[in-house]
Amino acid sequence: MPELPEVETVALGLQLAVAGRRILRVTLGKTDFIDDPVAVEKELPGRTILKVERYGKFLLLRLSGGEEVIPSEGETALLVHLGMTGLLMPQRVSEPQAKHTHVAMLLDDGRELRYVDPRRFGRMAYLAGETLTRELERFGLDPLEMGLPAFEQRIRERRARIKALLLDQSVIRGVGNIYADESLWKAKIHPAQLGARLKHRQVQKLYAVLQEILRKAIVLRGSSISDFLDVAGVPGEYQRHHRVYGREGKSCSRCGTSIRRVIVAGRSSHYCPKCQSAPRGWQMRSGKKSKAAGKSSKKQRK
DNA sequence: CTCGATCCCTGGACGC
DNA sequence: TGCGTCCAGGGATCGA
């Protein structure tokens, strides 16, 4: 699942592989994940990919002006979110297209930049000028660029659970389920703790381990659980270092206690019940939920 | 404001 | 082997 480290890996790879290349033609498959498919098809050809950046969990392909120079269009970019199963990779045109290839951008060196996404949980949009600026303003700060004071302020100014805050892209941009769980385990904070209730020391610790974990994951080119591959088709290696994510029932590497998985803020959350003590009232709530409520609600769904 | 529920989508796991 | 069913999960959206 592409989160900050995975997207950073792809952005770096694309920067090396396709920056400076001109897009000659765009071929679309299924388009329900594209904001405005016609704009993507018509606006991209003729533009050069100037730079590839990561913006939260988005890839930002900065583009040059088109053939007809429109002074008012301002900065232009292709925004790509990989969703759960999105892959973006340059391949030779002669290479057969993978199943679920929905966008193929023919480049001026004979390769194609292909977007493959079986589940189409991703998003793609061609944006220019004010529209682009407004889109980027919706997101919070980058966890690797923000300082501790900004982090602490954002964690405290809302009353949500820390897990929800870490996942909320308007609070911090780029953190997803894997790195939220891993960071909370390392900082010994229960995912259901209210952000505003954390002690200064805990926030400080969380800030430090979040950066540490994200940086290490970037070095290892991200986590590949089932689908993620970099631009060369190589999986990441950080999944080997996961301490809680996907380790339900296995033992905590710090204390040996069995790792648990519960739903917090609507997301499955992995944690060590001994190292990460639950806030008051949480035990009862989660107990009730996982039994009666969980079953009946599932049955009603058709 | 925060929460849960629902939907989007497909492949893989599982039960029979 | 081949069905059917459940589930994963980021994000948008809606109602409580």
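Sequence lines set the chain letters: A, B, ... in the order given, protein chains first and strands last, and positions in each chain run from 1.
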_Applying a 4.0 Å non-hydrogen cut-off, can you work out what A:Ser268 is touching in the nucleic acid: base, sugar-phosphate, or nothing?_
sugar-phosphate
*Please state whether the phosphate of C:dG10, meaning OP1 or OP2, lies under 4.0 angstrom from any side-chain nitrogen or oxygen of A:His81.*
no
*Toward the 5' end of DNA chain B, which comes first, A:Ala265 or A:Arg119, by nearest nucleotide?*
A:Ala265
*Just to confirm, is there a sub-4.0 Å distance from OP1 or OP2 of C:dG9 to any side-chain nitrogen or oxygen of A:Tyr245?*
yes
_Could you check whether atom CZ of A:Arg25 has more than 12 heavy atoms from other residues, nucleotides or ligands sitting under 6.0 Å from it?_
no
*Judged by modelled atom types alone, do A:Ser253 and A:Arg243 share a side-chain donor-acceptor pair under 3.5 Å?*
yes
_Any carboxylate oxygen within less than 4.0 angstrom of a Lys/Arg side-chain nitrogen, looking at A:Lys30 and A:Asp117?_
no
_Sequence-distant partners of A:Glu43, side-chain hydrogen bond (donor to acceptor under 3.5 Å, both in side chains), two or more places apart_ = A:Arg47
*Interatomic distance, A:Met84 CE vs B:dC9 C1' [rounded to whole Å]*: 11 Å
*Tell me which nucleotide among C:dG9, B:dG11, B:dC9 gets nearest to the side chain of A:Asp32.*
B:dC9
_Nucleotide nearest A:Phe121 (side chain, heavy atoms from C-beta), chosen from C:dG11, C:dG10, B:dT10_ = C:dG10
*Note, A:Ile225 side chain near A:His242 side chain (heavy atom, < 4.5 Å)*: yes
_Can you measure A:Arg120 atom CZ to B:dT10 atom P for me and round it to whole angstrom units?_
5 Å
*Would you classify A:Asn177 as touching base, sugar-phosphate or nothing, given that sugar-phosphate means primed atoms plus P, OP1 and OP2, and contacts are heavy atoms under 4.0 Å?*
sugar-phosphate
*A:His100 has an atom NE2; how far is it from atom C1' of B:dC8, in whole Å?*
15 Å
*May I ask you to evaluate whether A:Arg158 reaches the phosphate of B:dT2, defined as a side-chain N or O under 4.0 Å from OP1 or OP2?*
yes
*Choosing from B:dT2, C:dG9, C:dG11, which nucleotide comes nearest the side chain of A:Ala160?*
B:dT2
*Is the phosphate of C:dG10, meaning OP1 or OP2, less than 4.0 Å from a side-chain N or O of A:Gln169?*
no
*B:dT10 C1' sits how many Å from A:Lys30 NZ, rounded?*
9 Å
*asked:* Evaluate A:Lys186 against A:Glu212 for salt bridge (Lys or Arg N to Asp or Glu O under 4.0 Å), listing each step before the verdict.
replied: CA-CA 10 Å; A:Lys186 190 144 197 190; A:Glu212 182 191 328; 2.8 Å; yes
*Using a cut-off of 6.0 Å, state whether more than 12 heavy atoms not belonging to A:Glu237 lie near its atom CD.*
yes
*How about A:Phe33 and A:Tyr115: are their ring centroids closer than 6.0 Å?*
yes
*In degrees rounded to 10°, what angle is found between the helical axes fit to the five outermost pairs at each end of the helix from B:dT2-C:dA16 to B:dC16-C:dG2?*
50°
*How far apart are the C-alpha atoms of A:Asp109 and A:Arg111, what are their side-chain angles, what is the distance that settles it, and do they pass the salt bridge (Lys or Arg N to Asp or Glu O under 4.0 Å) test?*
CA-CA 6 Å; A:Asp109 61 359; A:Arg111 290 179 302 164; 2.8 Å; yes
*Round to the nearest Å and state the distance from A:Lys99 atom NZ to B:dC9 atom C1'.*
13 Å
Listed pairs, N/O of protein and of nucleotides 12-16 of chain C, under 3.5 Å:
| unit_1 | atom_1 | unit_2 | atom_2 | d |
| --- | --- | --- | --- | --- |
| C:dA12 | OP1 | A:Arg138 | NH2 | 3.1 |

_Separation of atom CZ in A:Phe33 from atom C1' in B:dT10, rounded to whole Å_ = 14 Å
*In whole Å, what is the span from the CD1 atom of A:Ile263 to the C1' atom of C:dG9?*
10 Å
*For atom CZ of A:Arg215, is the number of surrounding heavy atoms from other residues, nucleotides or ligands below 6.0 Å larger than 12?*
yes
_By the 4.0 Å heavy-atom rule, please label A:Gly266 as base, sugar-phosphate, or nothing._
sugar-phosphate
_Please report the distance, rounded to the nearest Å, between CG in A:Asp168 and C1' in B:dC3._
13 Å
